[in-house]
Amino acid sequence: MEQVEGSLVGARFGNYCAEKLLGRGSMGEVYLGVHPEIAREVAIKVMAADLAEHAPMQSRFLEEARALSRIKHPNIIEIYDFGRLPSGQPYYIMERLSGHPLSDEIERVGRFTAQEVQPLLRQICSGLQVVHEQGIIHRDLKPENVFLLAGTPLRAKLLDFGLAKVLPSGKSGTGRGVILGSPTVIAPEQVAGRADQIGPGTDLYSLGVVLFWMLAGRPPFDDEAPAILLARHLDDPAPDLKSAAPEVPDGVARLVARCLAK
């Protein structure tokens, strides 16, 4: 395949050739890769060229690949290989998933029942448990990073560990006072820039936001201005889920409230 000017479509990544762009993120791009002889499809995440010039960003990208490569779990995206382009841009090759993100499902469904949430919650928690046991904190658990595989029943995989922190070394490339995370789901300690307080509870707070969002049809804090969102996560008590979704069982509402406790 001839390379398309201005993109990496047509570029070679190890044994795979990039056939089309699947999406863009803050760290770079994801391409559909195909093995030219056996037609196996993969997804290729490659760091943006401008970011690849910065050693700390390269280290973060490599840390993400390392963290994922040592986890084999049905609810975690699987990494196959890692490499660098002639330009120096690092990339990793991962399994190609068919389906859609939880964010699309929330938009389609509107509000989930507690019974519909339960199997997805079990799978998300199963994935979180294994990454936490490895000393890895996701730090950006949001509906866009929970992928629902095609078919029934719905099966979930956690994606995008680009902001992950590895606890044993304590080296996340993030200094105190640096805020990393998505404003809608960010935990209070992330807002405060307290890297020393990041732990499993950080992901559980974000999980509480996701659960509230699924059950109420909106996140607990949904201000448009990111600065206001950050301040509310830091200081404001989360609203009562029952006020937004009265039909939710009391036990489920208490669970969500515990996740969202400051």
How long is the straight-line distance from [atom2] of [Y] back to [atom1] of [X], given to the nearest 0.5 Å?
X    : Y    : atom1 : atom2 : result
H54  : S59  : NE2   : OG    : 12.5 Å
L120 : E105 : CG    : CD    : 8.0 Å
S103 : W213 : OG    : CH2   : 8.0 Å
E95  : K157 : CD    : NZ    : 4.0 Å
L234 : E189 : CG    : CD    : 10.0 Å
L68  : Y80  : CG    : OH    : 12.5 Å

Got [X] and [Y] here, is their nearest side-chain heavy-atom distance under 4.5 Å?
X    : Y    : result
C125 : L207 : yes
L141 : V146 : yes
I106 : F112 : yes

Indicate whether the side chain of E29 and that of Y31 have a donor and an acceptor atom separated by less than 3.5 Å.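 Yes - a donor-acceptor pair under 3.5 Å links their side chains.
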Check whether the side chains of T202 and Q190 place a donor and an acceptor atom closer than 3.5 Å, and report yes or no.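 Their side chains do not contain a donor-acceptor pair, so the 3.5 Å distance test is not met.
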For the [atom1] atom on [X], are there more than 12 heavy atoms of other groups (residues, nucleotides or ligands in this structure) within a distance under 6.0 Å?
X    : atom1 : value
R122 : CZ    : no
Q197 : CD    : yes
R232 : CZ    : yes
R218 : CZ    : yes

Between D140 and F161, does a side chain to side chain contact (heavy atoms under 4.5 Å, CB included) hold up when you go through it step by step? CA-CA 8 Å; D140 198 25; F161 284 70; over 6 Å; no
Atom pairs and distances, side-chain donor-acceptor, residues 243-250, under 3.5 Å, sequence neighbours left out:
residue, atom, partner, partner atom, Å
S243, OG, D240, O, 2.5
E247, OE1, R111, NH2, 3.1
E247, OE2, R111, NH2, 2.6
D250, OD1, K242, NZ, 3.0

Would you please test Y205 and L260 for side chain to side chain contact (heavy atoms under 4.5 Å, CB included) and show each step? CA-CA 5 Å; Y205 183 91; L260 292 174; 4.1 Å; yes
Short question: side chain of [X], backbone of [Y] - any donor-acceptor pair under 3.5 Å?
X    : Y    : answer
S69  : I79  : no
H138 : L159 : yes
K262 : H233 : yes
T113 : E116 : yes
E19  : V34  : no

Nearest non-hydrogen partners of [X] and [Y], listed with the distance:
X    : Y    : value
L85  : F13  : CD2-CE2, 3.6 Å
M94  : I77  : SD-CG1, 4.0 Å
R139 : A164 : NH2-O, 3.8 Å
P219 : D222 : CG-CB, 3.7 Å
F82  : L62  : CZ-CD1, 3.7 Å
I137 : P200 : CD1-N, 3.5 Å

Side chain to side chain contact (heavy atoms under 4.5 Å, CB included) involving H73 - partner list, sequence neighbours excluded: I71, N75, I76, S126, V130
Residue list, side chain to side chain contact (heavy atoms under 4.5 Å, CB included) with D160, at least two apart or on another chain: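 Once residues adjacent in sequence are excluded, the partners of D160 under the side chain to side chain contact (heavy atoms under 4.5 Å, CB included) criterion are K45, E64, N145.
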Working note: H132 + D203, criterion side chain to side chain contact (heavy atoms under 4.5 Å, CB included); need CA distance, chi angles, decisive distance, verdict. CA-CA 9 Å; H132 290 168; D203 287 341; 2.8 Å; yes
What residues form a ring-ring contact (aromatic ring centres under 6.0 Å, His included) with F61, not counting sequence neighbours?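 Here the qualifying residues are Y92.
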Same cluster (ILVMFWY, side-chain, under 4.5 Å), I93 and L21: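 Yes, one cluster joins them.
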Mind checking whether V209 and V109 sit in one hydrophobic cluster, side chains of I, L, V, M, F, W, Y counted as touching below 4.5 Å? yes
For E63 and R60, what are the C-alpha separation, side-chain angles and deciding distance, and is it a salt bridge (charged side-chain N to carboxylate O under 4.0 Å, His left out)? CA-CA 5 Å; E63 191 65 58; R60 178 176 297 284; over 6 Å; no
Derivation and outcome, side chain to side chain contact (heavy atoms under 4.5 Å, CB included), residues L121 and M214: CA-CA 10 Å; L121 173 61; M214 294 174 73; over 6 Å; no
Sequence-distant partners of Q58, side-chain hydrogen bond (donor to acceptor under 3.5 Å, both in side chains), two or more places apart: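 R84.
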The criterion is side-chain hydrogen bond (donor to acceptor under 3.5 Å, both in side chains); which residues satisfy it with E78, sequence neighbours excluded?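 E78: side-chain hydrogen bond (donor to acceptor under 3.5 Å, both in side chains) contacts with K72.
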